[in-house]
Novice: 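Take this structure first; my questions come after.
Sequence positions, counted from 1, serve as the residue numbers for this chain.
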Amino acid sequence: MSDYVLRTATADDLDAVSRVRREAFGATGAPETAYRSVIEPERIHLAERAGEIAGVAGIFTRDMAVPGGVIPVAHVTGVAVANAHTRRGLLRRLITDQLTTAPEALAALWASEGRIYQRFGYGLASQNVTLRANLREVSLRMPPSPGELRGVVPANAIAEFSQVYSRVLPTRPGWTGRSETWWKHLTLDAETRREGHTAERAVLFENPDGVVDGYARGIASRPAGTTTGPSRRSTSSRWSPRRPRPTPSCTASCCASTWPAPWSRA
């Protein structure tokens, strides 16, 4: 173990970091380069031996909403050990070094294997639910708010998305803050990343005063085994409360105005 050295990454290490991560997570296809717009080399911890990168553990510098406010939280990402270097304690060394040097009081991650991280003090913080339904058979019970929907190209509506998201963020514990750089990354819609889906679409909801109160983003794709007829799904929707606390008269009814999104209405 003494021949492994821990150090901080530089921009010159990013290709090697990508290789270690792709090998560990079984990634296929061409390497994804879009993430480099948000990656922070100075926040990536490396385990290196004889000039070869054996393990990595990164952090995104972002805020997170918690009960009572929005605070800096270390968003741990891309933790991986190369196959030839596993079972040598590198994961423990990397995570320990990461947590002891990070200035944030809290750290969070999406774990590919949750049981790995409990030993470092991580615990279950949230659950994710996915609902699949035929939109012809379901509807929301509350009526929509008065206002108008306006179709936009997502990459051209970052300012509106950001304003709505920032207003909602403090009321949604667990949501992560998004800088302009992150918005550009999240709305990047290169054709090579669509995997058979359409270009991303979006609508803004404007109240009678012309204020954008919500948005919905989504894509459409054909059902497997068919050549016609899109299967539409919304990937993201947000609505902004106009009062300190969400109430059915503002948030829920605004949500009803953007759901289902227009491309989901047959």
Novice: Would you please name every residue forming a ring-ring contact (aromatic ring centres under 6.0 Å, His included) with Phe161, sequence neighbours left out?
Specialist: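 Counting only residues at least two positions away or on another chain, Phe161 forms a ring-ring contact (aromatic ring centres under 6.0 Å, His included) with Trp183, Tyr215.
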Novice: Quick one: does any side-chain atom of Gln98 pair with a main-chain N or O of Gly58 as donor and acceptor, under 3.5 Å?
Specialist: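 Flag set: sc Gln98 to bb Gly58 pair under 3.5 Å.
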Novice: Go through the steps to decide whether Arg7 and Asp97 satisfy the test salt bridge (Lys or Arg N to Asp or Glu O under 4.0 Å), and finish with yes or no.
Specialist: CA-CA 10 Å; Arg7 67 173 177 86; Asp97 188 53; over 6 Å; no
Novice: How far apart are the closest heavy atoms of Gly177 and Tyr165, and which atoms are they?
Specialist: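 Nearest pair, atom of Gly177 first, then Tyr165: CA-CE2, 4.5 Å.
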Novice: State whether the side chain of Asp209 and the backbone N or O of Val211 hold a donor-acceptor pair below 3.5 Å, judged by distance alone.
Specialist: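 Checked: no pair found.
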Novice: With the side chain counted from C-beta on, respond yes when Ser145 and Asp213 share a heavy-atom pair under 4.5 Å apart, and no when they do not.
Specialist: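 With C-beta onward as the side chain, the pair stays apart.
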Novice: Provide the closest heavy-atom pair for Arg217 versus Ala202 in the form atom of the first, atom of the second, distance.
Specialist: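 Minimum heavy-atom separation between Arg217 and Ala202: CG-CB, 4.0 Å.
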Novice: Within a strict 4.5 Å, meaning less than it, do heavy atoms of the Val203 and Val152 side chains meet?
Specialist: no
Novice: Are Ile59 and Ile95 connected into the same hydrophobic cluster when the rule is that any two of I, L, V, M, F, W, Y join if their side-chain heavy atoms are below 4.5 Å apart?
Specialist: yes
Novice: Determine, stepwise, if the pair Lys184 / Ile158 fulfils side-chain contact (heavy atoms from CB on, under 4.5 Å).
Specialist: CA-CA 7 Å; Lys184 289 179 178 179; Ile158 289 176; 3.7 Å; yes
Novice: Should we count CD of Glu42 as having more than 12 external heavy atoms under 6.0 Å?
Specialist: yes
Novice: Could you tell me which non-hydrogen atom of Pro170 sits nearest to which non-hydrogen atom of Val70, and how far apart they are?
Specialist: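 Of all heavy-atom pairs spanning Pro170 and Val70, the closest is CA-CG2, 3.9 Å.
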Novice: Please say yes or no: joined through hydrophobic side-chain contacts below 4.5 Å, possibly via intermediate residues, are Val76 and Leu90 part of one cluster?
Specialist: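 Yes: a chain of side-chain contacts under 4.5 Å links Val76 to Leu90.
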Novice: Quick one: is the NZ or CZ of Arg178 closer than 6.0 Å to the six-membered ring centre of Trp182, and within 45° of its axis?
Specialist: no
Novice: Can you measure from CZ (Arg43) to OG1 (Thr8) and round to the nearest 0.5 angstrom?
Specialist: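 So the CZ of Arg43 and the OG1 of Thr8 are separated by 10.0 Å.
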Novice: Output the distance between atom CD (Glu113) and atom CD (Gln118), rounded to the nearest 0.5 Å.
Specialist: 12.0 Å
Novice: Identify the heavy atoms of Tyr35 and Leu14 that sit nearest to each other, and give their distance.
Specialist: OH-O, 3.7 Å
Novice: Taking atom CD as the centre, does Glu40 end up with more than 12 heavy-atom neighbours from other residues, nucleotides or ligands that are less than 6.0 angstrom away?
Specialist: yes
Novice: Using the rule that two of Ile, Leu, Val, Met, Phe, Trp, Tyr join whenever any of their side-chain heavy atoms come within less than 4.5 Å, decide whether Val212 and Val168 are in one cluster.
Specialist: yes
Novice: Verify, without hydrogens or angle tests, whether Asp13 (side chain) and Thr10 (backbone) share a donor-acceptor contact under 3.5 angstrom.
Specialist: yes
Novice: Is there a side-chain contact (heavy atoms from CB on, under 4.5 Å) between Val79 and Ile116? Walk through the geometry before answering.
Specialist: CA-CA 11 Å; Val79 179; Ile116 293 177; over 6 Å; no
Novice: Could you grab the distance from atom NE2 of His85 to atom CG of Leu91, nearest 0.5 Å is fine?
Specialist: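 The NE2 atom of His85 sits 14.5 Å away from the CG atom of Leu91.
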Novice: Taking it one step at a time, do Arg88 and Arg93 satisfy side-chain contact (heavy atoms from CB on, under 4.5 Å)?
Specialist: CA-CA 10 Å; Arg88 304 184 188 187; Arg93 289 185 63 186; over 6 Å; no
Novice: Could you check if a side-chain atom of Pro173 sits within less than 4.5 angstrom of a side-chain atom of Val66, using non-hydrogen atoms only?
Specialist: no
Novice: Residues two or more places apart in sequence or in another chain: which of them pass side chain to side chain contact (heavy atoms under 4.5 Å, CB included) with Ala199?
Specialist: Asp189, Arg194
Novice: Under 4.5 Å between any side-chain heavy atoms of Val73 and Asp63, yes or no?
Specialist: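 No, side chains not in contact.
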Novice: Within the side chain of Arg49, is there an N or O that forms a donor-acceptor pair under 3.5 Å with the backbone of Tyr4?
Specialist: no
Novice: Only one of Leu6, Val17, Val5 clears side chain to side chain contact (heavy atoms under 4.5 Å, CB included) with Leu46; which?
Specialist: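 Option passing the side chain to side chain contact (heavy atoms under 4.5 Å, CB included) with Leu46: Val17.
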Novice: Say you draw a straight line from CZ of Phe205 to CZ of Arg150; how long is it, rounded to the nearest 0.5 Å?
Specialist: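 Rounded to the nearest 0.5 Å, the CZ-CZ separation comes out at 12.5 Å.
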Novice: Above 12 or not: heavy atoms from other molecules or residues under 6.0 Å from CZ of Arg119?
Specialist: yes
Novice: Report whether Leu99 and Val81 are members of the same hydrophobic cluster (ILVMFWY, side-chain heavy atoms less than 4.5 Å apart, transitive linking).
Specialist: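 Yes, Leu99 connects to Val81 through the hydrophobic network.
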Novice: With clusters defined by side-chain heavy atoms of hydrophobic residues (ILVMFWY) lying less than 4.5 Å apart, directly or transitively, does Leu188 cluster with Ile219?
Specialist: no
Novice: A side-chain contact here means heavy atoms from C-beta on lying under 4.5 Å apart; do Ile39 and Pro41 qualify?
Specialist: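 Ile39 vs Pro41: side chains touch.
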Novice: State whether a side-chain donor-acceptor pair under 3.5 Å links His75 with Thr176.
Specialist: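 On atom types as modelled, these side chains qualify, holding a pair under 3.5 Å.
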Novice: Which pair of non-hydrogen atoms, one from Ala80 and one from Ala24, has the smallest distance, and what is that distance?
Specialist: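 Between these two residues, the closest heavy atoms are CB-CB, 3.5 Å.
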Novice: Please test Glu23 against Arg19 for salt bridge (Lys or Arg N to Asp or Glu O under 4.0 Å), starting from the C-alpha separation and ending with a verdict.
Specialist: CA-CA 6 Å; Glu23 175 188 292; Arg19 285 195 296 271; over 6 Å; no
Novice: Determine the minimum heavy-atom distance between Ala108 and Met64, stating which atoms define it.
Specialist: CB-CE, 3.8 Å
Novice: Hey, could you give me the CZ/OG1 distance between Phe60 and Thr77, rounded to the nearest 0.5 Å?
Specialist: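 Interatomic distance, Phe60 CZ to Thr77 OG1, rounded to 0.5 Å: 4.0 Å.
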